[in-house]
Structure formats: C-alpha cells, structure tokens
Asker: 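For reference, the structure I am asking about is given below.
Bear in mind that the values here come from a model prediction, so they are computed numbers and not experimental data. Heavy-atom basis, side chains included; hydrogens, waters and symmetry copies ignored. Naming: A, B, ... by sequence-line order, numbering from 1 per chain.
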2 protein chains.
Amino acid sequence: MFYEGKSKYLVAVDCIIFGFDSEGLKLLLLERNFEPAKGKFSLMGGFLAEGENTEEAAARVLEDLTGLNDVYLEQLQAFSAVNRDPGARVVSVAYYALINIEEHNHASVEKHSAFWVRYEDIPELIFDHKQMVDKAIARLRRKAATMPIGFNLLPEKFTLTQLQKLYEAIYQQNIDKRNFRKKILSTGVLNKLTEKDKKSSRRGAFLFTFNFEAYKRLEESGGLFGVNI
Amino acid sequence: MFYEGKSKYLVAVDCIIFGFDSEGLKLLLLERNFEPAKGKFSLMGGFLAEGENTEEAAARVLEDLTGLNDVYLEQLQAFSAVNRDPGARVVSVAYYALINIEEHNHASVEKHSAFWVRYEDIPELIFDHKQMVDKAIARLRRKAATMPIGFNLLPEKFTLTQLQKLYEAIYQQNIDKRNFRKKILSTGVLNKLTEKDKKSSRRGAFLFTFNFEAYKRLEESGGLFGVNI
DNA sequence: ATTCAATAGTGTTATGTTTACACTTGTAAT
DNA sequence: ATTACAAGTGTAAACATAACACTATTGAAT
C-alpha cells in the first residue's frame with residue numbers, strides 16, 4: 001500500500017512567546033531542567049499528540065506554561081534539519097504567540113523554570129531555536145505593519161504612548177509621535193475612552209481600546225491598516 | 001527518557017509548482033494514478049526520507065517530476081489536520097516552487113500524469129491542497145512585491161512586456177505600462193541587452209536580464225525592490 | 001502659592017511617491 | 001505606400017510620508 005514502508009518521525013511544536021511591558025518587547029524562555037541540553041535555554045515546546053493538529057498542540061503547550069487560552073497564535077514554519085535535535089530525529093513546527101504579559105499565570109511559569117527576557121537580551125538558545133526566534137520577529141514586523149496584531153500584546157485599555165512604545169519595540173526604532181498619532185487615529189480603529197491612565201504621568205493620558213468592528217469594516221472596504229515606522 | 005512514548009508520524013512534502021508562459025500563470029498538477037483518491041487532482045508530493053530534511057525532500061520530488069534542480073523553493077508551512085489525508089495520519093510540509101516552464105522535462109511530466117493548468121482554471125484538488133495553493137499564491141504575491149523572485153518564472157532573457165504580463169498574472173490585475181517601466185527600470189536591477197526579441201512584434205522588443213549584483217547592492221543599501229501593482 | 005518636573009498633546013510644510021493618461025516609433029506583411 | 005501591431009516614451013495632479021518644536025496639565029516639592 002501507498003503508505004507502507006515510509007518512515008515515521010517525532011513531531012514537535014515550539015512556541016516563540018512574545019510579551020510586552022514598560023521594559024519593552026520580551027520573550028518567554030525556559031531553562032531546561034531535563035536532558036538533552038539541561039541547564040541551557042530554549043523555547044517552550046512539546047510533542048504532537050495523536051488526536052490533535054500542531055496548532056492545537058501549540059495551544060496546549062502554551063496554556064500549560066502560561067495558563068492562557070484563546071491566545072494569538074500563528075504558525076511560522078516547520079524545521080526539519082536531520083540533526084537539529086541531537087537526542088532524536090524530530091521535525092518541529094514553530095508557532096509564535098502574542099500574549100498580554102500581565103495576564104499570564106506566574107506560578108505556572110515558575111514551575112517550568114521559565115522567565116521573561118527582553119528581546120535585546122536573548123541568551124544563546126539550544127538547537128535551531130535562535131533561527132526560530134529570528135523568523136518570528138521578522139514575521140511579527142511584517143504582520144504588525146499591515147494588520148492590527150500588536151493589540152494582542154497590550155492590555156484591553158492602553159494609551160497612545162504605550163501603543164507607540166510597542167511599535168518602537170517591535171521595529172527597534174524611534175517613531176515620530178505626531179506622525180504616529182495622526183496615522184493611527186486616521187484609521188479609525190481606536191476608540192478613545194473618557195477615562196485616563198494616571199500611572200505614567202501627572203497629567204494623565206487618555207485610554208483607548210481597539211475597535212474590531214471598525215477594523216473589519218476598514219478591511220472589507222479595501223483600506224489597509226498601515227502603521228509606518 | 002524524554003522522547004519515549006511519543007507518537008511518530010508520517011511526514012510528507014507537497015509542492016505548489018508555478019510556471020509562467022504567454023498564456024499566464026500556471027500550476028503543475030497531477031492526476032493521481034494511485035489510491036487513495038485515484039483519478040483526482042492533486043499537488044505533487046512525497047514522503048520525507050530519513051537522511052533528508054523537508055526542503056531536500058521537496059527538491060527531490062520536484063526534480064523527479066520536472067527534471068529540474070536548483071529551483072527556487074520556499075517553505076509555506078506545515079499542514080497537520082488529523083484527518084487531512086483519509087488514508088493515514090500524515091503531517092505535510094508545503095513548499096512552493098518557481099520554475100521556468102520552458103525548461104522542464106516534458107517526458108518526465110507525462111510519465112507522472114502531470115499537466116500544467118492555468119491558475120484561473122485550477123480544478124478541485126484532493127485533501128487540503130486547495131488551501132495550500134491559496135497560501136502559495138498569497139505568499140507569491142507578497143514576496144514578488146518586494147523581492148525579485150518573479151525572475152525565476154521567466155527565461156534568462158525577457159522583455160519588459162513579458163515581465164509586466166508576469167506581474168499582471170501574479171496579481172490578476174492590469175498594470176499601467178509607463179508606470180511599470182518607470183518603476184522597474186529605476187531600481188537599476190535590469191540589464192538592457194542590445195539584442196531584441198522579435199517573436200511578439202514586428203518592431204521587436206529589447207531583451208533584459210536580471211542583474212543580481214545590482215540587486216544585492218540595492219538591498220544592502222537599504223533600498224527596496226518595490227513593484228507597485 | 002509658586003516653582004519644578006515630567007509626560008500628553010497638537011499642525012504645517014517640504015519632499016517623495018503614486019496614479020492617471022495618449023501619442024509616436026519601428027517593422028514586416030500586404 | 002499602406003496597414004497592422006506591439007514597443008516605447010513624459011507630465012501633471014493627487015496623495016502619502018517625513019521632518020520638525022512648542023504648549024498643556026498636573027502632582028510633588030519647596
């Protein structure tokens with residue numbers, strides 16, 4: 001039969017988990033407390049189980065680590081170099097996740113010896129995980145420029161300054177405040193609240209929420225959500 | 001041990017093979033002469049062998065079908081739905097290839113019951129192959145707008161009209177001739193030859209080649225290869 | 001009560017990019 | 001000589017982007 005005699009392989013998923021707070025863009029990494037590569041740093045991963053697809057496996061692994069479900073999750077690609085994992089032949093499918101860093105389950109993260117690290121300070125990673133991270137940031141940069149995925153990294157209510165800092169962190173460059181505000185407000189996808197955030201200034205900054213409806217309308221009418229950097 | 005007790009899976013590759021000629025953008029499809037889904041249409045695929053990664057598997061499968069090696073090949077992503085292939089649980093990694101349609105081995109294509117079909121006329125495909133094709137065209141559109149990958153679909157020497165028709169086929173829309181020429185020539189990545197192509201007009205049209213060196217210089221200096229549609 | 005410190009908030013102009021648009025040229029076939 | 005056919009070419013208007021600096025508001029410190 002057609003499938004007979006074909007080799008089978010372990011299939012894993014690895015998650016590049018992005019978070020964002022006042023210190024900048026961050027990744028959630030593991031210090032491995034198991035072999036192979038015990039004591040070294042890695043992405044969170046897991047093996048594909050029989051009743052699930054890789055996206056479900058990634059979501060499971062992610063929930064196991066962060067306690068979060070219903071997270072923005074997107075496949076990057078498969079990594080399949082023959083010796084990428086010295087312990088066994090494993091084909092790994094990489095996913096990147098955007099989560100609201102404030103909402104994750106700290107206990108669960110500690111239990112896994114996981115920790116948040118600034119994007120600028122990522123340590124050496126095992127296997128091909130650095131390659132995965134590089135792919136992830138490239139994809140995030142591309143996507144964030146034309147689609148409103150950045151909002152997944154922010155709390156529901158955020159200030160324009162926070163939003164700008166997020167884009168600056170993603171693109172690792174400064175953005176002109178006036179141009180940024182003009183552009184983002186002109187898309188009409190932000191709802192300005194009457195409420196102010198007083199944490200970061202005495203004056204206080206207006207809070208905004210993302211308007212999914214307006215975005216959908218914008219998208220359907222062919223308009224694009226373009227944030228220039 | 002860490003890997004013990006984990007399930008293993010068949011891993012396949014599927015290739016979305018693009019070609020281009022005077023009739024437009026085309027895909028190379030198979031009429032399956034084997035079960036499952038015998039007689040139906042599919043992409044060219046194959047199983048991952050032990051000593052190769054998925055890209056090598058895709059290149060092998062591609063050479064087997066077309067006789068071509070050294071082809072532009074890029075991974076799309078993995079497809080892993082539990083029942084995507086009714087015959088067995090198979091995780092498939094999809095690749096898209098851009099080939100010069102004139103150069104492929106016709107005998108080999110016929111031997112596999114393969115055939116070229118216009119992008120506009122793609123028949124119903126088995127499994128999730130339609131999804132793969134949709135992903136591939138979306139990726140091709142995105143990439144071709146900022147990187148000079150379209151040239152892989154053309155002969156070494158081509159006219160500006162051919163190049164424009166290629167972009168029109170990729171984006172399925174008409175492009176203004178003057179604006180297109182202005183833009184593409186301003187990038188400096190084309191070498192104008194003294195030679196003319198006389199096949200498509202009495203007057204003849206100048207032939208051009210793609211200048212990889214100029215492109216690399218352009219890329220390094222931060223300039224981008226932008227073709228507007 | 002005044003001053004200070006710190007972030008929020010706001011418009012205009014110059015430059016560059018994109019779009020829309022139509023006629024002339026060169027050649028082979030008749 | 002005429003015709004048919006694709007190749008080849010420039011300008012102006014509309015739009016988008018980039019550069020730029022000051023005022024407003026408030027709580028804390030004096």
Asker: Starting at NZ of A:Lys165 and ending at P of C:dA8, how long is that distance when rounded to a whole Å?
Answerer: 8 Å

Asker: Check the distance between C:dT18's C1' and B:Ile175's CD1 and give it to me in whole angstrom.
Answerer: 14 Å

Asker: Between D:dA18 atom C1' and A:Gln173 atom CD, what is the distance in whole Å?
Answerer: 13 Å

Asker: Tell me which of B:Asp176 and B:Ala205 sits closer to the 5' end of DNA chain D, going by the nucleotide each one is nearest to.
Answerer: B:Ala205

Asker: Nearest whole Å is fine: how far is C:dT7 P from A:Lys196 NZ?
Answerer: 15 Å

Asker: If you define the side chain from C-beta out and look only at heavy atoms, does anything of A:Phe115 sit under 4.5 Å from A:Phe41?
Answerer: yes

Asker: Is the B:Tyr96 ring parallel, tilted or perpendicular to the B:Phe18 ring (thresholds 30°, 60°)?
Answerer: perpendicular

Asker: Below the 4.0 Å mark, does C:dA6 have OP1 or OP2 next to a side-chain nitrogen or oxygen of A:Ser201?
Answerer: no

Asker: Looking at C:dT25, does its base get a donor-acceptor pair with the side chain of B:Arg203 below 3.5 Å?
Answerer: yes

Asker: Donor-acceptor pair, A:Asp176 side chain versus A:Asn179 backbone, under 3.5 Å?
Answerer: yes

Asker: Roughly, in whole Å, what's the span from NZ in B:Lys198 to C1' in C:dT25?
Answerer: 13 Å

Asker: Under the 3.5 angstrom rule, does the side chain of A:Ser113 hit a backbone N or O of A:Leu30 as a donor-acceptor pair?
Answerer: no

Asker: Rounding to an integer number of Å, can you tell me how far A:Gln164 CD sits from C:dG9 P?
Answerer: 12 Å

Asker: Quick one: which of C:dT27, C:dA8, D:dA21 gets closest to the side chain of A:Ser200?
Answerer: C:dA8

Asker: Can a side chain N or O of B:Lys182 be found less than 4.0 Å away from OP1 or OP2 on D:dT9?
Answerer: no

Asker: When you get a sec, tell me which of D:dA7, D:dA28, C:dA28 is the closest nucleotide to the side chain of B:Arg181?
Answerer: D:dA7

Asker: Does B:Lys177 get its side chain close enough to the base of D:dG8, under 3.5 Å, for a donor-acceptor pair?
Answerer: yes

Asker: Remember a base hit wins even if backbone is also touched, and classify A:Thr161 as base, sugar-phosphate or nothing at under 4.0 Å, heavy atoms.
Answerer: sugar-phosphate

Asker: Please report, rounded to the nearest Å, how far the C1' atom of D:dG10 is from the CG atom of B:Leu185.
Answerer: 14 Å

Asker: Would you please classify the geometry between the B:Tyr167 ring and the B:Tyr171 ring as parallel, tilted or perpendicular, with 30° and 60° separating the classes?
Answerer: parallel

Asker: Could you tell me whether the phosphate oxygens of D:dC20, OP1 or OP2, come under 4.0 Å of any side-chain nitrogen or oxygen in A:Arg178?
Answerer: no

Asker: Separation of A:Phe180 atom CZ from C:dG11 atom P, in whole Å?
Answerer: 18 Å

